[in-house]
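Chain identifiers are assigned alphabetically (A, B, ...) following the order of the sequence lines, protein sequences preceding nucleic acid strands; residue numbering begins at 1 within each chain. These numbers come from the heavy atoms of this one structure, side chains and all, not from hydrogens, waters or symmetry mates.
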Amino acid sequence: MKTRREFIKISSIGLGSLVAGVGLSRWSVGNTVIDDLLKPSAASLPSLKRFPTYCEVCFWKCAGWAYTDESGKVVKIIGNEEDPHCNGRLCPRGTGGVGMYNDPDRLKTPLIRVDGKDGQTFREATWDEALDLVASRLKAIADEHGPESIGMFNHGSPGKHFGHLLKSFGSSNIVAPSYAQCRGPREVGFEMTFGQGVGSPEPTDIRDTRCLVLIGSHIGENMHNGQVQEMSDAIDKGATIITVDPRFSTAASKSKYWLPIKPSTDIALLLSWIHVILYEDLFDKEYVAKYCTGFDQLKDHVRNMTPEWAYGITTIKPDVIRATAREMADAAPSVIVHPGRHVTWYGDDTQRARTVAILNALLGSWGRRGGFYFKEEYKLPDFPHLPYPKPKWSWKDMHNGRYPLAGLALANVFVDASIPSEDNKHQLKAWIVAGTNLPLTMPDRPQLMKALEAIDFLVAVDTMPMEICSYADVVLPECTYLERYDEIRTEPHREPYIALRMPVTAPLYDSKPASWMTRELATRMGLADFFPWNDYEEVVSWQLEQVGTSLEEMKVKGIKKFERSKGALYINESGDHKFHTPSGKIELYSHQLEALGFDAMPKYTAHPEPSAGFYRLIYGRAPMHTFSRTANNPNLTDLMDENTVWVNPKVADLWNLKKDQYVWLKNQDGSLSSFPVKVRVTERIRWDSVYMVHGFGHSDKFLTRAYGRGASDSEMITHVAVDPIMGGTGMRGNFVTFLTENPHKEETA
Amino acid sequence: MRYAMAIDTKKCVGCSDCVVACQTENDVPIGFCRDWIVEVMDGSYPNLEMELRSERCNHCDNAPCVRCCPTGASHIEEGGVVKVKKHRCIGCGACIQSCPYDARYSHPEGYVDKCTFCYHRLVKGEKPACVSVCPTKCMYFGDLDDENSDVSIALRNRKHKVLAPEAGTKPHIFYLI
C-alpha cells in the first residue's frame, strides 16, 4: 500500500554520477576509475590562498584554514595553531572536510514533492518556488494550529538560523537529538551533584592529569580532538589510564588497567569504588569536609557494596577493583573519572552520571588541576532585532509532567507528540529538520515512521540527500560550511575564545547558506523586522566590532583569545567556593532528586540480559566517521567504507561464522537489518556482546558511496529504556542474532 | 643530513588522519594512499595487546626499489629520501614487487607513486603533512645527523624497532615501543 509519505527514491532528478566503489589503495592498485570531481589539484602550489573557518563535520568545531587553488576550489584544510580545540591539528574528519565540499552526491537544487504517474516523486524547483511553498505552508499551519505546532530538529550551524526564524514566528519547540539521545543524562547527573553540567567541550584537564578513568568512553575512536591530543600528552607524562569497557577499545590498549566489564553493570563497579575509597579512608578529607554534603548518608549507603559484592555483578575481580580505586586515590586530585559523552545506555543513566560525579567529588577532582577546570565562554552581543513573541506553549508542555529535570527539549518526545492521541494535548503538525538525519539518529524507527506519516508538512535542510530528505515535502540544499558565514564560535575553554567561519569559495550548484534561506523565508512570512540585515556578513562584522575586533582582523587571524573575567581556572583553595546547588555544596545526597521521587543516592539495578542466541548490541565510533553524516564523504569512505559486526571468536565458532562473511542482523523484536554486514572475528569484544560502528547502512541510493554499505545500528534499536529523570533514551538494551541467509529474499524476488 | 621518522606506537590511536592529510597535501587520488594504518592484535580475551602504527615508505639506505629500477626513475635524493621521477618512470612495477613494505602503488596516470617525506615541504623547512597533522603527536621527524632533532631525541630516549629488519634494507622509519 502506498502511503502519503512513501519513501521517495530520488531517482528522477539525476543527482551525480555513479562513482565506482573503491577501497583503500593497498587493495585497489591498478584501479583507474577515478572521478574527476574527486581529484583535488596540487595542494602544494604556491598560489594557494587560505581562509579561516571552523569545522562542521562534528560538534568539536575546530578552527582551521581552508586552502583554495587559483580556480577557487578547496584543496586542503589545516588546523589553526592558536585554537585550543585543535592546536593546529585537525582530526581525520576535519582534514577530510574537503570531501564534504567535493562530494558529487550533494544536494544541488531545491526539491518539491509532487504526485507523479508512478506515485510521489521530487521535482527540481527554483528557490522562489520552494521558499514560497515553505512560507505559505508554515503560515497556513500556524493559522490553524498556532506557530507552536511547528517544531524543529537540528544539529549544528543551520539550526541556529532556523531557530531564530522559528522563535521569531512564535515557536520555541526546538530540539537537538544530541541531548536526549546522547549527552543529556550526564548534564543532569553532574548538575544535581556540582550544580553545573559538563557541556561541550568537556572541561576535563586531561593534559595535566595523573589518572584518567574511562567508563565506556572510547577516546581515540571518538576523535574529540582536544581530548585525544591531551590523552596523548598524558600518556607522554606517564599518567595511568583505567578503561572500563566490554570491548578492547583503542583506549583500553593504552591503559594500565582494562576492566572488561559485563555490560550494563557499571553502576555496581562505581559504587564499589566509592565503597573502597570511603572505607579505606582514601578520600580527600579536607575537600569533602569543606565542599560536600551528605557524606554520612553516602557512607552508610555503600556500606555493603564491597568489591566482593560487585565482583558477582560485574565479573571484575575484587583485587582489581581495590587496586584501581587506590590508583585513583594516589593520583587525586589530579584524577578524572570521565563523564563520557554518549551516555544514553540503560535508562538509569542520570544516576550512573551521578555515581561518576560523586566519585570525582570524593577524589576532590572537580575544580582542581588535572581534574576538571572551570571553563569560560565569551559572550557576544546579539545583533539587535525585535523581541521574540511569547509562545502559548513550549516543549516542556509536551512532557505531560514527565521528565522533570530535562534541561533541554527531547527529540523522542517531539516524535511522540507528533502522533495524534488522547493524551497529546500539544501536538506538532510540521517539522523543520536541519542538519540531522533522523532515520539513522533516532531509536525506535517504527515510532518515527508513525510520526512522519502523521505530520502535515516537513522541510529538510541538508547538504546531502540524507534519508530524512526522502520523507520531506520540500528539500532545501544548504551549501557546506566552507561556502558560508555562520555564527561566530564562542564555545568555552580554559580561556574564552571566538572563531570565525567565512566563505572560502562560492557555493557549488544552487546551494545556499541557511542564513540566506531563513531571511528569505522571514520576508515571505512577514517577519522581516527580525532579520534587519541584507547579508549575514553584516551580523558577524557588527558583533566583532562590539567586542573590539573586526572582520578584517578575524579574516587574518581566524581566532581570538580574551582574558578570563569570571574567576580562576581552579578552585581558590584559600577562599570560599560556592557551588550552584541549593545547598551551595557538592551534593552527595540529593534532596532535589528525593523531592521529585527519585533515589537521592544512586543504586545498582539489574538490566535485562540477552536470551540464548542473542548478543547485546554495543555501538560506537570510528575515528574517521561522525554520526551518519560522513558515510558518503569520498575522502573518509576511502579510509572506511562500511562497518563490520565485531564477533568474539568463540561466538563465531558457535555460529560457524567466518571472517569477512556477510550476515544480516535481527533483534529481539524481530527488526531486520536492511543490508548485510561483514563479520569481523576479533578477540576485542566480549562473548556476550557484538559491536558496530554507528552511522552506516544508508538506504538512500543517491548516497552512492554509502548506499547499502554495512548495517545500521539504529535499525536494531527498537527497545528504548527512557530515563524517568530527564527523558534520555537508553539504547543499549537491544540484542541481536545472526542470519546467514538473506531474510529479504522473498520481497525482492 | 639523513632524514628519518620515529612513530610512537604507545600514542598512535590509528585514526588515519596521516592518510587523509597526505592525500590532500600530495594530490593522491581517492582510492590510493602513500601511508596507511596497521593494527596488530595479540592474545585472547581478556588478555590482549594491540599495536597501532602508521606505515609508509621506509626510505631505506639499501633500497631494493632503487636497485631494480630499469630507468633510474627511482632514486635517492639528498637526505636519503627515496623518490620517483615520474617522467622517467615507465610503470613497469618492478619496484612495487621488490619493496618489502608494499609502500608503492601504480598511479592511474601511469607512473609509480610513493611517500616523499613531503619533500616539497622539507625544502621550505616544514615537516611532512602526516607529522604536522597527527592529533596524538606520535610522529617525530628530522635529521639523524643532528643530535637535537626530534627524531634523534626520540630514538635516544626510547626503545624502538624497525619493520622487516631481515630484509637488510636499512629502513629509516622507526617504531617506538
Side-chain angles (χ1 to χ4, degrees), chain A residues 22-26 28-35 38-44 75-79 86 88-92 95-96 98 219-221 223 225 228-229 231-233 235-236 248 250-254 258 260 623-624 634-636 638-640 648-649 682-687, chain B residues 8-34 36-37 39 41-52 55 93 96 102-110 112-113 118-121 124 126 129 132-138:
Chain A
V22 285
L24 203 51
S25 71
R26 321 265 75 229
S28 57
V29 169
N31 188 335
T32 55
V33 185
I34 300 297
D35 192 302
L38 304 184
K39 271 178 66 181
S41 42
S44 47
V75 293
K76 65 175 178 180
I77 312 171
I78 307 287
C86 74
R89 295 161 184 267
L90 296 179
C91 82
T95 309
V98 287
I219 297 179
E221 285 159 287
M223 286 302 291
N225 197 343
V228 177
Q229 296 191 15
M231 185 169 86
S232 193
D233 294 342
I235 292 171
D236 254 347
F248 189 65
T250 299
S253 78
K254 312 283 181 201
W258 170 44
M624 61 291 282
N635 295 80
L636 302 180
D638 205 23
L639 303 173
M640 174 181 175
N648 184 281
T682 174
E683 294 284 355
R684 293 180 62 188
I685 185 73
R686 253 179 91 105
W687 53 87
Chain B
D8 190 345
T9 60
K10 300 289 181 200
K11 294 204 292 181
C12 175
V13 294
C15 73
S16 304
D17 205 1
C18 45
V19 182
V20 67
C22 172
Q23 286 176 321
T24 57
E25 178 67 30
N26 294 299
D27 195 12
V28 176
I30 297 284
F32 302 89
C33 61
R34 292 178 177 185
W36 60 96
I37 297 293
E39 173 190 316
M41 282 298 305
D42 196 15
S44 61
Y45 197 99
N47 301 307
L48 297 171
E49 275 183 40
M50 178 166 73
E51 182 174 287
L52 290 164
E55 294 190 3
I96 295 175
D102 199 13
R104 294 170 164 241
Y105 71 94
S106 273
H107 193 284
E109 287 172 14
V112 169
D113 192 39
C118 283
Y119 202 77
H120 63 286
R121 291 171 63 98
K124 289 191 282 182
E126 295 171 354
S132 298
V133 82
C134 176
T136 67
K137 289 164 269 179
C138 76

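- When all heavy atoms are compared, the tightest approach of A/Trp258 to B/Pro46 is CZ3-O, 3.2 Å.
- Heavy-atom pairs under 4.5 Å with chain A peak, among B/Glu51, B/Lys11, B/Glu49, B/Arg121, at B/Lys11.
- Contact count against chain B (heavy-atom pairs under 4.5 Å) is highest for A/Pro92 among A/Gly220, A/Pro92, A/Ser253, A/Ala252.
- With a threshold of 4.5 angstrom between heavy atoms, A/Ile685 approaches chain B through N, CA, C or O but not through any side-chain atom.
- If you measure heavy-atom distances from B/Cys18 to chain A, you find no contacts under 4.5 Å at all.
- B/Pro135 approaches A/Cys91 most closely through the heavy-atom pair CG-CA, 4.2 Å.
- The two atoms that bring B/Gln23 and A/Asn635 nearest to each other are OE1-O, 4.4 Å, heavy atoms only.
- Atom NZ of A/Lys76 sits about 3.5 Å away from atom CD of B/Glu25, to the nearest 0.5 Å.
- By number of non-hydrogen pairs under 4.5 angstrom with chain B, the leading residue of A/Val98, A/Asp236, A/Asn648 is A/Asp236.
- No more than 12 heavy atoms of other residues, nucleotides or ligands sit less than 6.0 Å from atom NZ of B/Lys10.
- When the candidates A/Met223, A/Lys254, A/Glu221, A/Met624 are compared by the number of heavy-atom contacts under 4.5 Å with chain B, A/Lys254 comes out ahead.
- In terms of heavy-atom proximity, A/Thr95 sits nearest to B/Asp17 at OG1-OD1, 2.8 Å.
- Ranked by heavy-atom pairs shorter than 4.5 Å toward chain B, the options A/Pro623, A/Ser232, A/Pro649, A/Cys86 are led by A/Ser232.
- Here CZ of A/Phe248 is found 10.0 Å from OH of B/Tyr45. Values are rounded to the nearest 0.5 Å.
- Contacts of B/Ser16 with chain A are made by both backbone and side-chain atoms, with heavy-atom separations under 4.5 Å.
- For the atom pair SG of B/Cys33 and CG of A/Leu639, the computed distance is 8.5 Å after rounding to the nearest 0.5 Å.
- For B/Leu52, the part lying under 4.5 angstrom from a heavy atom of chain A is the side chain only.
- Within the 4.5 angstrom heavy-atom criterion, only side-chain atoms of B/Met41, from C-beta onward, approach chain A.
- Within the 4.5 Å cutoff, no side-chain heavy atoms of B/Thr136 are placed close to those of A/Arg89.
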